[in-house]
Engineer: 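Before we start, here is the structure in question, set down as structure tokens.
Worth saying up front: this structure is predicted, and the values here are computed from it rather than measured. Chain identifiers are assigned alphabetically (A, B, ...) following the order of the sequence lines, protein sequences preceding nucleic acid strands; residue numbering begins at 1 within each chain. When reading the values below, keep in mind they use all heavy atoms of this one structure, side chains included, and skip hydrogens, waters and symmetry mates.
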Number of protein chains: 4
Amino acid sequence: MSDHRGGPVRSEAARVAILEATARLFAERGYDHLTMEGVAAEAGVAKQTIYRWWPSKGALVSDCLLEGRLMPERLSIPTGGVLRDDLVQWLSDIHRVMAAPGGDALVRSLIAAATENVEIGRRLHESLGAASSLTERLQTAIDAGQLRADAPLDEIGEALIGAVLLRALSRSPADADGIERLVDVVLGS
Amino acid sequence: MSDHRGGPVRSEAARVAILEATARLFAERGYDHLTMEGVAAEAGVAKQTIYRWWPSKGALVSDCLLEGRLMPERLSIPTGGVLRDDLVQWLSDIHRVMAAPGGDALVRSLIAAATENVEIGRRLHESLGAASSLTERLQTAIDAGQLRADAPLDEIGEALIGAVLLRALSRSPADADGIERLVDVVLGS
Amino acid sequence: MSDHRGGPVRSEAARVAILEATARLFAERGYDHLTMEGVAAEAGVAKQTIYRWWPSKGALVSDCLLEGRLMPERLSIPTGGVLRDDLVQWLSDIHRVMAAPGGDALVRSLIAAATENVEIGRRLHESLGAASSLTERLQTAIDAGQLRADAPLDEIGEALIGAVLLRALSRSPADADGIERLVDVVLGS
Amino acid sequence: MSDHRGGPVRSEAARVAILEATARLFAERGYDHLTMEGVAAEAGVAKQTIYRWWPSKGALVSDCLLEGRLMPERLSIPTGGVLRDDLVQWLSDIHRVMAAPGGDALVRSLIAAATENVEIGRRLHESLGAASSLTERLQTAIDAGQLRADAPLDEIGEALIGAVLLRALSRSPADADGIERLVDVVLGS
DNA sequence: GCGTAAACGAGACGGTACGTCGTGTCTTGAT
DNA sequence: ATCAAGACACGACGTACCGTCTCGTTTACGC
């Protein structure tokens with residue numbers, strides 16, 4: 001099926017070592033202070049091997065994000081209970097991650113990466129659950145009669161995620177009450 | 001009163017030239033590709049003169065933001081009419097700016113700057129009207145009976161501004177309907 | 001006799017392609033800017049095929065020299081006439097080659113190659129006719145009574161060839177008179 | 001007199017450190033294996049500081065040669081005695097240097113450098129005494145009646161120096177007899 | 001014919017060095 | 001004292017080759 005006619009094949013060991021090194025250094029130093037040279041050294045790899053497969057730092061970080069190496073956990077949205085409680089729980093999880101030492105810096109680094117690289121923006125969006133899980137959860141709520149059928153799911157998601165990002169940017173940690181108020185605002189309750 | 005004991009005083013010409021050069025290059029190249037050397041050259045100023053008064057690129061951009069040299073217009077919130085219409089109008093203004101050529105890049109650059117520099121984050125927040133004008137406008141609406149008295153003003157503001165930032169990050173321009181739906185969501189209407 | 005137990009033998013096509021590519025690139029770019037990768041690409045051959053048969057760039061160039069692919073012509077020493085005239089003719093030939101566009105660069109490249117590689121030095125020596133043809137020609141002259149029988153042939157040869165190399169190094173082309181004077185000096189005439 | 005209007009001045013310390021490091025590494029490793037990065041490291045200097053003042057490795061080595069940092073001694077031509085003896089003495093000095101450990105490699109490195117860089121060729125020429133001291137010495141001999149007045153000084157010089165270079169290239173050390181024969185050849189004695 | 005083993009093209013790999021750019025600090029002489 | 005100019009040590013950039021190392025494919029012998 002492939003028209004590859006021989007020749008060496010991409011080294012999986014090198015690929016993994018590079019992504020692992022990237023994730024490690026990203027967590028340690030943040031996006032801005034992440035250097036290709038640092039990644040190469042940490043991974044025990046030649047710089048050229050990185051540039052052969054990734055055109056830029058952004059692409060590298062993007063792939064890490066895709067493989068789930070940057071976000072500490074999946075942060076999936078609870079599904080079982082009442083919509084409002086589930087959303088509050090989910091946002092609390094996110095804020096807990098951000099409240100951990102270096103947690104907000106990590107999110108800010110991801111935002112910085114997203115400003116440079118379209119793909120990172122898109123994947124960050126997805127990783128935060130917005131594009132997929134969140135709208136799914138809201139749809140479930142509609143089916144369960146907990147949300148009006150004509151509720152604008154996308155806009156609700158954007159408002160929630162956007163508020164989270166804004167908090168990360170302005171370094172103002174949210175408290176439990178703030179999270180509840182936010183959820184109430186977007187749910188109109 | 002002053003303990004200044006001779007020698008020239010800070011050159012206003014240099015100060016202005018630096019800020020103007022910074023704003024110009026910021027608009028041209030974005031925050032990441034803005035360099036101190038570039039600013040010095042563009043302003044016809046020695047690097048040391050920049051470092052004497054600003055500790056970092058972030059501080060420089062922060063001051064530009066403070067003097068309103070980075071945002072194309074004030075983007076102030078209309079005050080006269082019905083709250084929903086005013087907010088829609090305001091968000092439309094913001095999106096119009098972002099839809100202009102280079103407009104979204106400029107906003108993303110500001111976000112990038114905010115990830116690096118607390119002060120920029122704070123001032124960006126303000127410039128977008130959130131901290132001051134927006135809450136003021138919402139308070140006016142409460143006084144006019146257009147909004148419930150116990151509406152969580154801060155959270156409404158965060159949801160709106162956050163959604164705007166998220167759109168800038170994910171490069172997905174909003175349409176008029178989307179804006180209206182967003183406003184309706186946060187106003188619970 | 002051979003312990004070869006099957007498998008293809010060395011590809012003559014590859015061998016020739018490599019030597020031709022080497023000669024071509026040597027003439028184009030000189031010894032220093034000749035690269036193994038360039039030769040492989042130009043010859044349409046894998047790098048390993050070069051390294052399988054030649055240990056180094058020097059060995060490769062040395063073989064080219066041996067096969068007469070680098071020197072434009074044989075530059076053999078005329079034999080028929082009076083010794084002085086024959087030598088003058090021979091040196092004039094050499095200088096004509098060096099005066100041609102790129103001719104002196106080629107000789108300098110050969111010298112550079114000789115500084116790196118013993119074998120090249122030896123073969124360059126031979127190619128220039130010193131070791132063999134020149135001393136033969138001088139011996140002929142002795143037999144013909146045109147040169148004293150105890151004339152130090154080796155030193156005469158070294159003086160002539162050395163002067164040529166020196167001219168190549170210092171980029172000072174010789175004129176006809178200079179050549180005649182040089183021959184007169186070493187012949188003591 | 002100078003139109004230098006302020007600003008830092010070239011650091012003599014850096015200049016000397018660079019030239020010293022160059023000379024040291026040249027002697028250790030030869031021209032080919034001399035690297036700008038190595039020089040920078042050895043000199044405790046930034047690469048940019050080298051590139052600011054020298055365009056290339058060749059220029060750097062050329063300056064070293066000019067300041068007499070590469071040649072072990074001056075190798076000046078004896079002046080007092082009989083021409084033939086003085087020349088023999090001088091060539092013996094040169095060959096003694098070349099016979100020392102690394103001596104021939106150093107000369108070959110200088111030749112390699114000369115093939116790359118015109119200036120080095122010229123200065124090597126001078127350093128070996130050819131252009132100046134040698135012709136002066138020969139002129140003195142003419143004045144003293146030890147050499148014919150119409151002897152072609154330049155060609156004599158070229159023959160001598162050229163023979164030396166050729167020996168360096170072909171790695172064939174000269175013996176005392178060979179030197180005497182060479183001098184006799186060019187002097188016609 | 002049928003393994004088998006060497007040579008081949010392609011090219012990925014860990015490295016070293018390249019020459020350039022930007023950083024933040026510094027020194028100099030003029031204003 | 002502040003300024004324009006710019007040299008400096010440092011660190012990262014992205015590229016070019018190095019020489020070694022797999023990969024499949026292509027021969028050409030010996031069985």
Engineer: Identify each donor-acceptor pair in which a side-chain atom of residues 23-33 of chain A lies under 3.5 Å from a protein atom, sequence neighbours left out, and give them as a table.
Structural biologist:
from   : atom 1 : to      : atom 2 : distance (Å)
R24(A) : NE     : E42(A)  : OE2    : 2.8
R24(A) : NH2    : E42(A)  : OE2    : 3.3
Y31(A) : OH     : E116(A) : OE1    : 2.8

Engineer: Could you grab the distance from atom CG of L106(C) to atom CD1 of I111(C), nearest 0.5 Å is fine?
Structural biologist: 10.0 Å
Engineer: Any side-chain heavy atom of N117(D) sitting closer than 4.5 Å to one from V61(D)?
Structural biologist: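 Contact flag for N117(D)/V61(D) side chains = no.
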Engineer: Can you give one letter per nucleotide of nucleotides 8-15 of chain F, 5' to 3': B if a protein heavy atom sits under 4.0 Å from the base, S if only from the sugar-phosphate, - if neither?
Structural biologist: BBB-BBBB
Engineer: Among residues 22-29 of chain A, which residues get a heavy atom nearer than 4.0 Å to DNA chain E?
Structural biologist: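 Result for residues 22-29 of chain A: none.
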Engineer: Could you tell me which residues satisfy side chain to side chain contact (heavy atoms under 4.5 Å, CB included) with A14(A), sequence neighbours excluded, listed by chain and number?
Structural biologist: S11(A), V45(A), T49(A)
Engineer: When the distance from CG of D32(D) to C1' of dC17(F) is rounded to whole Å, what number comes out?
Structural biologist: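 It works out to 15 Å between those atoms.
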Engineer: Between S62(B) and G58(B) (side chain of the first, backbone of the second, donor and acceptor by atom type, cut-off under 3.5 Å), is there such a pair?
Structural biologist: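 Such a contact is absent between S62(B) side chain and G58(B) backbone.
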Engineer: Compute the angle between the rotation axes at the two ends of the helix from dG1(E)-dC31(F) to dT31(E)-dA1(F), each taken over five pairs, rounded to 10 degrees.
Structural biologist: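 Rounded to the nearest 10 degrees, the bend comes out at 10°.
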Engineer: List the residues meeting salt bridge (charged side-chain N to carboxylate O under 4.0 Å, His left out) with K47(C), not counting sequence neighbours, and say none if there are none.
Structural biologist: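 Checked K47(C) against salt bridge (charged side-chain N to carboxylate O under 4.0 Å, His left out); matches are E37(C).
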Engineer: Within the 4.5 Å heavy-atom criterion, are M71(A) and L110(A) side-chain neighbours or not?
Structural biologist: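 When only atoms from C-beta onward are counted, L110(A) and M71(A) do touch, with a gap below 4.5 Å.
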Engineer: How many Å lie between CD1 on I50(B) and C1' on dG22(E), as a whole number?
Structural biologist: 13 Å
Engineer: For W53(C), does the six-membered ring have the charged nitrogen or CZ of R15(C) within the cation-pi criterion, i.e. under 6.0 angstrom from the centroid and within 45° of the normal?
Structural biologist: no
Engineer: Between R123(B) and E67(B), is there a side-chain N and carboxylate O pair less than 4.0 Å apart?
Structural biologist: no
Engineer: OG1/T22(C) to CG/D63(C) distance, rounded to the nearest 0.5 angstrom?
Structural biologist: 9.5 Å
